[in-house]
Amino acid sequence: MLSGISGKTHLLLLVIVLPVTIIASYVGLHNSALKAVEHTALQSARVMAMTMNAARIHYNKNVAKKLSTIPNIHIGADYEDKAQAIPNPATFTIEVAEMVSQQQPNIRVRMYSEHPFPNRQAEGGPQTDFEYSALETFRQQKASGQQPKAVFKSFHIGGKLEFDYIEPLVMQEACIQCHNKLDNSPKKDWKIGDIRGGLSIRHIMVDNSAFDQLEGIAMLSIAFIASFSTIMLIWNFRQSRKQLQSSTQNFLKIANSDPLTGLLNRRGFEQAIQHSWREHRINKQHMSIIYCDLDNFKTLNDQHGHATGDMQLINAAGLISTTLRQGIDFAARIGGDEFVIVLSNTNQSGAKKVAKRLLEGGKTVEGDHPLEWSLGIACAKVTSGISATTLISWADKAMYQAKSVATGNYQVYQES
Ligand SMILES: Nc1nc2c(ncn2[C@@H]2O[C@H](COP(=O)(O)OP(=O)(O)OP(=O)(O)O)[C@@H](O)[C@H]2O)c(=O)[nH]1
């Protein structure tokens with residue numbers, strides 16, 4: 001029963017808890033790996049956006065603005081077609097972004113507007129759902145009085161990780177004049193602070209190597225955790241089984257022992273004699289039984305008290321134990337003052353020697369009262385024609401014969 005519960009608990013741990021732990025660890029580590037890669041991508045997108053903005057501001061302030069005061073210098077999106085012309089800051093930034101994108105196939109930088117000029121109609125507007133939704137978010141943030149903030153999102157596209165970062169582009173004082181005055185401007189009612197578009201930076205992880213590395217570490221960690229947990233569970237299971245075996249053995253020892261003398265009790269004796277009987281029958285050996293009954297034990301109890309009687313029983317058991325061969329013979333207290341001794345592979349003459357030693361030993365036991373007992377010996381070659389119960393009953397009869405003759409002697413059972 002105990003073993004069943006313990007086994008089931010461990011099985012439950014192995015079958016449910018371990019896979020759940022492994023899955024939870026994998027999901028946790030996978031998410032951590034993704035977060036780490038996302039963080040890196042976000043940082044690099046921010047740096048890229050800062051660089052683009054710094055280039056635009058610098059160009060605007062130190063190139064476009066200064067050259068605009070010189071006559072015959074044209075500043076506009078159509079600068080390529082004209083002599084003495086330079087790009088306006090927006091065109092400058094757009095073209096720098098295009099150059100970066102061409103050189104880095106895994107990075108795409110673009111400025112987009114909801115109202116692109118006619119020359120940028122094809123590629124200048126929002127192109128993805130995320131670019132549309134980013135403009136919507138910026139507008140909502142502005143409407144609720146917040147400073148529009150960059151948005152960031154990661155996608156899994158065709159087995160590759162993709163990170164999109166979009167910063168709001170806000171209409172500046174320096175740009176509004178052109179936008180509201182130029183003939184070809186698609187919108188002429190811009191106000192400073194309006195959301196005019198976004199700076200979109202897309203980073204595609206071409207080989208996913210950083211992520212794969214982190215996932216590899218995650219998998220290794222999980223494999224380690226799983227192996228460690230399994231080893232711990234098996235170790236724990238074995239320990240529990242050992243403890244259970246040892247408790248079962250202790251329990252059986254207690255259940256089969258006489259608490260007063262430490263010898264086997266009737267229950268333990270029956271198991272031991274059956275086992276020994278089988279072995280003797282296989283080996284066709286002689287077995288001898290000595291049935292012992294204390295003489296006038298009732299009188300001892302009555303005259304000197306139960307504790308003295310108990311001491312006499314303990315002395316008798318001690319004498320039996322020291323007389324027998326350790327691990328070969330065995331004995332039990334099967335009744336109040338009755339003991340049965342089993343002498344393995346022992347014939348009648350051997351049993352007589354043991355009986356004499358027990359009688360002699362009784363005279364010298366420690367204590368005020370010499371140990372006197374009557375012993376009955378029965379001996380047989382163990383075959384299928386006789387049972388252990390019969391041999392014990394013969395020894396019992398012999399003990400009564402001894403008692404009927406005189407106290408403190410032994411008799412050998414003789415088949416009549
Ligand atoms: N002290 C003690 N006495 C016990 C124990 N178990 C049984 N007895 C007593 O042992 C006595 C056995 O009595 P009997 O079988 O008549 O034995 P006896 O007085 O030795 O008589 P004979 O065998 O004819 O010599 C009884 O008085 C029981 O009460 C025990 O554990 N301790």
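Note that this is a predicted model, so its numbers are computed, not measured. We use all heavy atoms of the structure for the numbers below, so side chains are in, but hydrogens, waters and symmetry mates are not. Order of listing sets the numbers, starting from 1, for every ligand and every atom in it.
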Examine [X] against ligand 1 and note whether any of their N/O atoms are separated by less than 3.5 Å.
X	value
Leu260	no
Asp295	no
His306	yes
Leu313	no

Among Lys153, Arg108, Arg110, Arg202, the one residue meeting salt bridge (charged side-chain N to carboxylate O under 4.0 Å, His left out) with Asp164: Arg202

Backbone of Arg56 reached by a side-chain donor or acceptor of Thr93 within 3.5 Å: no

Donor-acceptor contact present, side-chain Asp194 to main-chain Lys191, <3.5 Å: yes

When you measure from [atom] to each heavy atom in [options], which option holds the nearest one?
atom	options	answer
atom 6 (N) of ligand 1	Gly335, Gly309, Gly336	Gly336
atom 20 (O) of ligand 1	Trp373, Phe297, Tyr400	Phe297
atom 25 (O) of ligand 1	Asp258, Asp337, Asn296, Thr261	Asn296

With a 4.0 Å heavy-atom cut-off (strictly under), which part of [X] contacts ligand 1: side chain, backbone, both or neither?
X	result
Asp310	both
Thr407	neither
Glu338	neither

With heavy atoms of [X] as the reference, note each atom of ligand 1 found under 4.0 Å away.
X	answer
Lys403	22 (P), 23 (O), 24 (O), 25 (O)
Asn301	1 (N), 2 (C), 3 (N), 4 (C), 8 (N), 9 (C), 10 (O)
Leu294	20 (O), 23 (O), 25 (O)

Atom 11 (C) of ligand 1: any protein heavy atom closer than 4.0 Å: yes

Lys/Arg cation over aromatic Trp190: Lys187, 6.0 Å, 45° cone: yes

Closest protein heavy atom (residue, atom, distance) for atom 5 (C) of ligand 1: Arg333 NH2, 3.6 Å

Ring center gap for His179 and Phe117 short of 6.0 angstrom: yes

Asp293 versus Ser374, side-chain donor and acceptor atoms under 3.5 Å: no

Heavy atoms of other groups near Gln326 CD, more than 12 under 6.0 Å: no

